[in-house]
Colleague: 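Here's a structure for you.
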2 protein chains.
Amino acid sequence: MRVSLLLMDLRTLRYFVAVAEELHFGRAAVRLHMTQPPLSRAIQQLETDLGCTLLHRSPSGVALTTAGAALYDEARTLLAQAEHVRTRVTAVAGAATLTVGTLADSAEQAGTRLAAAYRQRHPTARVRIREADFTDPTAGLRTGLVDVALTRAPFDTTGITIRVLRSDPVGVVLRADDPLADRESLRLDELADRRWFQLPEGTDPAWRAYWSGPPAAAERGDGPVVRTVHECLQSILWDGTVGLTSLAHALPEGLTSVALTDKPSSDLVIAWNSTDTSPLIRSFVHVATAVYGAARKTT
Amino acid sequence: MRVSLLLMDLRTLRYFVAVAEELHFGRAAVRLHMTQPPLSRAIQQLETDLGCTLLHRSPSGVALTTAGAALYDEARTLLAQAEHVRTRVTAVAGAATLTVGTLADSAEQAGTRLAAAYRQRHPTARVRIREADFTDPTAGLRTGLVDVALTRAPFDTTGITIRVLRSDPVGVVLRADDPLADRESLRLDELADRRWFQLPEGTDPAWRAYWSGPPAAAERGDGPVVRTVHECLQSILWDGTVGLTSLAHALPEGLTSVALTDKPSSDLVIAWNSTDTSPLIRSFVHVATAVYGAARKTT
DNA sequence: AGCAACGATACCCGCACGGTATCGGGGCGG
DNA sequence: CCGCCCCGATACCGTGCGGGTATCGTTGCT
């Protein structure tokens with residue numbers, strides 16, 4: 001029968017406060033980052049809920065009724081107290097620390113937006129960043145060095161839960177004066193005879209296989225073993241090695257990237273230990289999926 | 001991008017308070033008139049929102065963390081203050097009066113449930129009931145005697161907005177010793193030669209036509225003119241007249257009703273002047289549609 | 001070991017919230 | 001005086017979330 005009917009929640013009160021201060025639905029809607037019609041409706045519902053008129057409407061504007069003025073005062077203090085509750089509780093919870101592992105430049109610019117958004121929501125939490133090199137695609141998740149990792153698939157996910165944040169096409173990085181540097185796109189096997197990066201032995205096999213160039217080159221194993229982005233770029237510049245990269249990156253002078261037609265895209269993922277259900281991690285994942293688009297959960 | 005993410009609304013806090021007091025998700029869910037799974041989820045979301053664990057879960061029960069205990073105190077006071085806001089604002093609005101018109105027994109038992117639910121939501125509002133007779137299907141809406149009417153369609157709805165609350169089959173009322181009283185169902189024309197009630201001249205034509213029996217009888221106009229339920233019943237008992245009624249009613253001793261196969265159902269409606277948008281009326285309509293099932297709006 | 005209790009998870013559905021498009025009506029200028 | 005404009009209200013639509021049912025995993029007790 002649905003008789004709850006309690007519409008006076010904090011969201012609606014925030015709406016009303018905005019309208020009461022702007023005395024104009026359109027401007028209030030802008031301030032609330034929404035459009036005018038649902039705001040009008042929300043205020044109407046609030047009025048029917050309380051059973052009294054809060055605003056005098058006229059085509060030239062809006063004025064508060066006495067009840068509206070009363071609600072404005074009450075609502076402001078209530079909202080302030082609600083914020084107070086947040087800070088109080090998180091203060092009692094103490095300064096928790098969340099350690100985020102990133103794989104080289106996986107996070108790039110969005111990572112800073114992510115950290116900013118997260119710090120805004122959890123001002124008391126400490127966020128430590130630990131940047132990993134190519135020896136560990138989990139960036140320290142398994143060893144417990146970090147709580148959550150921004151990294152790139154694929155790697156062994158037993159015991160680890162990941163969420164795909166984005167899927168980037170992958171290309172090959174060449175010196176700008178390479179004969180193939182001007183091509184629109186390439187196939188992997190066109191570069192099978194080049195020297196390709198190798199990842200260090202002992203790293204995750206799936207991950208090593210994905211990033212180590214074409215199978216033939218990986219088999220030969222005549223390329224340099226790289227651990228950092230810097231090593232990759234230097235070796236390309238110095239001895240003409242080639243290597244894979246996500247095409248979203250900016251490259252230094254003297255290097256270009258060419259799209260590959262036969263290499264599956266690389267997933268930027270956020271990962272955490274499946275057994276670790278701390279709210280800070282949940283919240284971080286939540287913010288991350290919000291900052292990037294929608295995402296699907298796996299493993 | 002959806003970055004609002006402010007889950008700490010009053011509803012969620014009510015949930016948490018219930019769990020904190022019961023220390024048991026199942027019992028808390030019962031108290032909240034819901035089931036356990038969405039409650040678990042809501043608390044989880046609250047924890048990720050605040051970024052700290054509020055409850056220690058174990059298969060044998062639940063315990064508050066220090067943060068949980070803090071939130072419990074804060075939340076209780078905040079909820080109390082929220083209720084305070086309600087009462088404060090409605091008090092400032094003053095004791096408004098809502099006059100409800102009912103058409104004879106249209107409201108019947110559900111009417112009392114409606115009034116109870118409405119009084120519970122608006123303790124300060126005065127509700128006056130004005131019972132109308134059959135001379136006015138709007139029960140005083142047009143003349144401004146009432147703000148809102150519980151009545152029966154059809155009638156002229158220009159300038160009036162109605163919502164159908166329910167649709168009742170209509171039957172004919174007979175003396176229990178009438179030769180046709182034992183029939184399972186009847187057609188209207190089987191009773192065309194009887195004397196039928198007539199409604200007073202000058203009432204709404206559509207309404208008069210609907211309730212005045214078969215066209216032939218209405219044409220003859222040889223039945224008594226009735227204004228009240230009492231008059232109807234008395235005239236059936238005394239001189240064998242017959243009349244229409246919604247089959248939902250209980251009838252006094254000595255009378256029975258028989259279903260009619262060729263009479264369209266009668267709509268129980270709630271009606272108000274279209275120009276009258278007072279929140280009290282909106283709220284009353286809202287409660288009414290909740291008390292009866294879902295409903296559709298017309299005119 | 002088996003069972004019972006309890007919270008968590010998976011999955012589904014209806015609705016409410018927020019969006020776009022449009023209306024109505026009062027004020028003001030040409 | 002008519003037409004345009006401003007502003008709030010309404011209509012309608014799509015989607016995400018809050019609720020539901022069914023089931024699982026774990027733990028403790030018998």
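Chain A is the first sequence line, chain B the second, and so forth, proteins listed ahead of strands; every chain is numbered from 1. Quantities reported herein were computed from a predicted structural model and do not represent experimental measurements.
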Colleague: Is there a donor and acceptor pair, one atom on the side chain of Gln44(A) and one on the base of dA9(D), closer than 3.5 Å?
Modeller: no

Colleague: State, yes or no, whether a side-chain contact exists between Ser167(A) and Ser265(A) at a heavy-atom distance under 4.5 Å.
Modeller: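 Result yes, sub-4.5 Å side-chain heavy-atom pair found.
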
Colleague: For Asp49(A), which of His122(B), Arg282(B), Arg86(B) qualifies under side-chain hydrogen bond (donor to acceptor under 3.5 Å, both in side chains)?
Modeller: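 Exactly one pass, corresponding to Arg86(B).
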
Colleague: Rounded to the nearest Å, what distance is computed from the CG atom of residue Asp49(B) to the C1' atom of nucleotide dC17(D)?
Modeller: 15 Å

Colleague: Pick the closest DNA chain C nucleotide for Thr35(A) and for Ser40(B) by heavy atoms, then say which residue is nearer the 5' end.
Modeller: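 Mapping each residue to its closest nucleotide by heavy atoms, the 5'-most match is Ser40(B).
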
Colleague: Could you check how far CG of Leu23(A) sits from C1' of dG8(D), rounded to whole Å?
Modeller: 14 Å

Colleague: Give a yes/no on whether any side-chain N or O of Arg41(B) is located under 4.0 angstrom from OP1 or OP2 of dG18(D).
Modeller: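 So the side chain of Arg41(B) is outside the cut-off, no N or O lying under 4.0 Å from OP1 or OP2 of dG18(D).
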
Colleague: Can you find a donor-acceptor N/O pair under 3.5 angstrom joining the side chain of Arg11(B) to the base of dG18(D)?
Modeller: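 No pair found.
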
Colleague: Could you check how far OH of Tyr15(A) sits from C1' of dG18(C), rounded to whole Å?
Modeller: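 Roughly 8 Å, once rounded to whole Å.
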
Colleague: Counting side-chain heavy atoms from C-beta on, which of dA9(D), dC7(D), dT21(D) comes nearest to His24(A)?
Modeller: dC7(D)

Colleague: dA8(C) P sits how many Å from His56(B) NE2, rounded?
Modeller: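 Interatomic distance, NE2 of His56(B) to P of dA8(C): 14 Å.
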
Colleague: With nearest nucleotides of DNA chain D determined for Pro37(B) and Gln45(B) from heavy-atom distances, which residue corresponds to the more 5′ nucleotide?
Modeller: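 The answer here is Gln45(B).
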
Colleague: For Arg142(B), is the CZ atom crowded, meaning more than 12 foreign heavy atoms sit under 6.0 Å from it?
Modeller: yes

Colleague: Just compare dG19(D), dA9(D), dG19(C) and give me whichever is closest to any side-chain atom of Pro38(B).
Modeller: dG19(D)

Colleague: Using a cut-off of 6.0 Å, state whether more than 12 heavy atoms not belonging to Arg27(B) lie near its atom CZ.
Modeller: yes

Colleague: Is there a donor-acceptor pair under 3.5 Å between the side chain of Thr65(A) and the backbone N or O of Thr53(A)?
Modeller: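 Between the backbone of Thr53(A) and the side chain of Thr65(A) there is a qualifying donor-acceptor contact (under 3.5 Å).
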
Colleague: Expressed as a whole number of angstroms, how long is the span from Phe25(B):CZ to dG25(D):C1'?
Modeller: 16 Å

Colleague: With nearest nucleotide decided by heavy atoms, which residue, Leu39(A) or Gln36(B), maps closer to the 5′ end of DNA chain C?
Modeller: Gln36(B)

Colleague: Whole-Å distance between dG7(C) P and Met34(B) CE?
Modeller: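 It is 14 Å, rounded to the nearest whole Å.
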
Colleague: Quick one: Asp9(B) CG to dA16(C) P, roughly how many Å, whole number?
Modeller: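 Value for this atom pair: 15 Å.
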
Colleague: Can you check the Ile43(B) CD1 to dG18(D) C1' distance for me, whole Å?
Modeller: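 So the two atoms are 14 Å apart, to the nearest Å.
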
